[in-house]
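One structure is given here, and the rest of the page talks about it.
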Amino acid sequence: MALATKAGVTQSLSLPDELVLMLLNEESGYFRQIPGWNLNCAVVGAVLAELSLDSRIDTDMESLILLDQTETGDPVLDPILKEIASEPVQRNAQYWIERLAPRAESIIDLTLDRLVDLQILQHHEGDFWSLANTAWQTDLFSSSREGTAAEFVRTRISRVIFSNEIPSPRDIILVCLINTCDLFRFMFQLEDESEERIQLICKMDLIGRSIAEAVSVNIAGPGLRRSALAKSIPTVPLRRLLLNPHARGGSIPALFADLAEKHGPVFEIRPPFKKPMIFLAGPETNHWAHRHGRMYLRSRDYLHDFEKIYGASGLLPALDGADHFRLRKSLQPGYSRARLEGQVDQLYRLARTHMADWAVGDSVPMVTLCRRLMNAQISPFLASVDSQDLFDDLVKFKERALKTMLLGVMPKFMLHTPSMRRRAKKIDVLMERVQRNHTPAQRAGCPRDLADELLSLHASDPQFLPESNLRFNFTAPVIASMYGGDTLSFVVYAMVSQPALYERIRSEADALFDGGDPDGKDFTPSAIDVTRRFIMECLRLYPIIPMSVRNVMNTCVVEDYELPEGAQIYVAQTATHYMSDAFPEPLSFDIDRYLPPRDEHVGPNYAPFGLGTHKCLGARWVELQVAINLLMLAHYFTLELSPPNAKLRVNMFPSMSIKKKVKCVIAEQRRELNV
């Protein structure tokens, strides 16, 4: 099908393109739930069918025949054509569908990337996709008719199903592909006559019939169906866990990398008087969790009790599926890097105002200095309030809630002590401040912030985002400050303890700030090359949230181990950060890992912000804000460790942070702050 924009740009969609558009469920931001084998067969079938329409192959009842091995120029089609050409024996279409099914994921990735490049789809963090707002025209209708590419494809297929017109070969194949996935009943209201029409159409094409036969035979490869001979999950002896040097040193990623090396990518730990804890750790399990976790794992069970502490239900971290995607889309503007880039002048002002209270000779716990610096910026940015006087109490309450309700390392009554009840009241104080600062008169002429997004969503759909959820959501800036500050504290520690890299970062900072404050767009990869790679290496070695907890909602098999429905799973996604196969010499600090051709961060092995659908919504904001703060610290101050050469000491729970014994000294103020 040919599509054209108002600007006159014309693009032709292939069968894989059209299939992906038909299968996309905009409510969930991904494909409609389709068994992996069926989806893979349909995707490969679309490629074979496109090659057939391009006169590269032909089929009959017995074989698939190569007609022309000349490349098409399409990166989706050409690798498949090359593989067919390399086969010395003629095979039938079913053989090729089954053989090529394991390559379907790469075909899907390339197709999604192409549709994003064509501005037909829009990609969202967490690997979600939605239809882009670009208006397209097609020769299917008059030139005045506009719509999305998906609308044109669906309208075309509906005409094939609900009329007696003779369908084109392309439409016959597409109907067969969709029918293979058993999705027509979710797309259209089908009567018996329409279903009979679909079955008739599916018999008109040999490749379509081969696809159906391949699915019915169901000879699935590893990972596409439940194993009848699942292996027993190995158990890690508690003694080995407790004596592991990484457990004593406080590095959770290194600990689980070590355990995975000895026990495999799936293992369990059996704490006394508690249910077994099943862990996933390794490149293969990261890939599985990132790609397929949305179909098998959910987060709400684990977070249920934590939500109740705030009187909430259905918070973003606890949502899955379509509701999770909808809330992410609604909140994305509030966490966007573009919004931060557009308001860097405010960021500079807030940072300098806070730094103005520092005095040469001050010695402050590294984590305290960085958390407060970040909160001085994030609370005004995300909620247009100052929360410094509430910050310590809100952080302590949140940490206690995590330790009692999620981690279970403290008894639940410890959340209801007099000091905790006093701290809980500070949530209402913060909520009152946010609401008072977000009346129409107060917000007139102000740039939108996260609180604006939350209040707009609440006003438009109070059932989806009830008032009871706002108490937690308005504390989000404080929580973001805690995590962002902990990230910055590891980065500052690493910089101060490595003088050579400290000097290179300072050179980039001086180049940016000596001529005046840089614009948000000035923080390009080339302008902050060393700083950017330095932060990436810190995120690898010191990820703040090193693992994720999920419950299995559909029984599945991962690396030949069956994960039963209802089991609680710990996805140690950052264990790969300490695996030599993913990051050679993982214990060494090496910022050149992120340069081509090494590019060790490409793929799910690098996961400091999580994997899959629950990847941190503000990841790109955090990367930029941490970079700007590090550069400002290097430009305006000389920092030192106290005591000199202080060893890094890490708290493992409720998230990774530097212990307060590690202090930072303001050794020199290099320049005036000019607040």
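- Judged by distance alone, with hydrogens and angles left aside, the side-chain atoms of Arg533 form a donor-acceptor pair with the main-chain N or O of Ile591 at under 3.5 Å.
- Residues Thr613 and Asp127 have side chains not in contact (no heavy-atom distance under 4.5 Å, counting atoms from C-beta outward).
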Note to self: Test side-chain contact (heavy atoms from CB on, under 4.5 Å) on Leu327 and Leu457; report intermediate values, then the result.
What the structure shows: CA-CA 9 Å; Leu327 188 53; Leu457 184 57; 3.5 Å; yes
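- At a cut-off of 3.5 Å, with distance as the only test, no side-chain donor of Asn605 or Asn286 sits close to an acceptor on the other residue.
- Taking the side chain to side chain donor-acceptor pair (under 3.5 Å) definition, one finds that Arg540 meets it with Glu537, sequence neighbours left out.
- Taking the six-membered ring for Trp and the full ring otherwise, Trp129 and Phe31 have centroids separated by 6.0 Å or more.
- Taking Thr475 as the reference, nothing meets the side chain to side chain donor-acceptor pair (under 3.5 Å) condition, with sequence neighbours excluded.
- The structure places CE of Met277 at 10.0 Å from CZ of Phe267, a figure rounded to the nearest 0.5 Å.
- Looking at residues two or more places apart in sequence or on another chain, you find a ring pair (Phe, Tyr, Trp, His ring centres under 6.0 Å) between His601 and Tyr594.
- Salt bridge annotation for Glu268-Arg270: present, with a cationic side-chain nitrogen under 4.0 angstrom from a carboxylate oxygen.
- Contact of the Gln568 side chain with the Val549 side chain is registered, since non-hydrogen atoms from C-beta on lie closer than 4.5 Å.
- Gln463 and His458 form no side-chain donor-acceptor contact under 3.5 Å, judged by distance and modelled atom types alone.
- Remark: Phe325 engages His124, Phe128 in a ring pair (Phe, Tyr, Trp, His ring centres under 6.0 Å) (not counting sequence neighbours).
- Defined by atom type and a distance below 3.5 Å, a donor-acceptor pair is present between the side-chain atoms of Ser481 and Asn375.
- Outside the 6.0 Å centre-distance limit, the rings of Tyr302 and Phe306 are not counted as a close aromatic pair.
- With salt bridges taken as basic N to acidic carboxylate O contacts below 4.0 Å, none links Arg598 and Asp592.
- Listed by first then second residue, pairs satisfying ring-ring contact (aromatic ring centres under 6.0 Å, His included) with a partner in residues 545-576 read Phe279-Tyr570, not counting sequence neighbours.
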Next item on the list: Test Phe397 against Tyr310 for ring-ring contact (aromatic ring centres under 6.0 Å, His included), laying out the working first.
Entry: CA-CA 11 Å; Phe397 180 81; Tyr310 290 88; 5.8 Å; yes
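- Here the CZ atom belonging to Phe256 is positioned 11.0 Å from the CD atom belonging to Gln573, to the nearest 0.5 angstrom.
- None of Leu454, Leu455, Leu315 except one satisfies the side-chain contact (heavy atoms from CB on, under 4.5 Å) rule with Leu465; the exception is Leu454.
- Residues that satisfy the side chain to side chain donor-acceptor pair (under 3.5 Å) test with Lys398, not counting sequence neighbours, are Tyr483.
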Next item on the list: Report the C-alpha distance between Arg294 and Asp320 in whole Å, list the side-chain angles of each, state the deciding distance to 0.1 Å, and finish with yes or no for salt bridge (Lys or Arg N to Asp or Glu O under 4.0 Å).
Entry: CA-CA 8 Å; Arg294 71 181 83 210; Asp320 297 287; over 6 Å; no
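- Separation of atoms OG1 (Thr574) and CD1 (Ile252) is listed at 8.0 Å; rounding is to 0.5 Å.
- Taking a cutoff of 4.0 Å between a charged side-chain nitrogen and a carboxylate oxygen, Lys403 and Glu399 do not qualify as a salt bridge.
- Within the 4.5 Å cutoff, side-chain heavy atoms of Asp323 are placed close to those of Phe464.
- Note on Glu453 versus Arg339: salt bridge recorded, some NZ/NE/NH1/NH2 to OD/OE distance being below 4.0 Å.
- Considering Lys329, Arg328, Arg337, Lys615 in turn, Lys615 is the only one that fulfils the salt bridge (charged side-chain N to carboxylate O under 4.0 Å, His left out) rule with Glu125.
- The pair Arg326-Glu27 does not count as a salt bridge, with every side-chain nitrogen at least 4.0 angstrom from each carboxylate oxygen.
- Salt bridge Asp109/Arg291: present, at least one basic N to carboxylate O contact under 4.0 Å.
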Next item on the list: Apply the test salt bridge (Lys or Arg N to Asp or Glu O under 4.0 Å) to residues Asp117 and Arg114: give CA-CA distance (whole Å), side-chain angles for both, the deciding distance (0.1 Å), then the verdict.
Entry: CA-CA 5 Å; Asp117 290 341; Arg114 167 177 153 82; over 6 Å; no
Next item on the list: I would like to know whether Arg300 and Glu307 meet side-chain contact (heavy atoms from CB on, under 4.5 Å); could you show each step before the answer?
Entry: CA-CA 9 Å; Arg300 72 180 185 205; Glu307 285 185 309; 5.8 Å; no
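- Contact check for Glu600 versus Pro584: side-chain heavy atoms found under the 4.5 Å cut-off.
- Within a 6.0 Å radius of CZ in Arg154, more than 12 heavy atoms belonging to other residues, nucleotides or ligands are found.
- Side-chain contact of Asn629 with Gln377: a donor-acceptor pair under 3.5 Å is present, judged by distance alone.
- Considering CD1 of Ile269 and NE2 of His263, their distance stands at 8.5 Å, rounded to 0.5 Å.
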Checklist line | Working for side-chain contact (heavy atoms from CB on, under 4.5 Å), residues Arg593 and Met536 | finding: CA-CA 9 Å; Arg593 299 180 187 278; Met536 291 176 71; over 6 Å; no
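- Using a 4.0 Å cut-off between charged nitrogen and carboxylate oxygen, Asp305 and Lys308 count as a salt-bridge pair.
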Notebook entry, point to check: Going through the distances and angles, do Gln332 and Leu617 end up as a side-chain contact (heavy atoms from CB on, under 4.5 Å)?
Noted result: CA-CA 7 Å; Gln332 178 61 61; Leu617 185 59; 3.0 Å; yes
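- Thr111 and Ile107 make their closest contact through OG1-O, 2.8 Å (heavy atoms, listed as atom of the first residue, atom of the second, distance).
- In this pair, Tyr296 and Trp288 present their aromatic rings parallel. The plane angle is below 30°, not in the 30 to 60° band.
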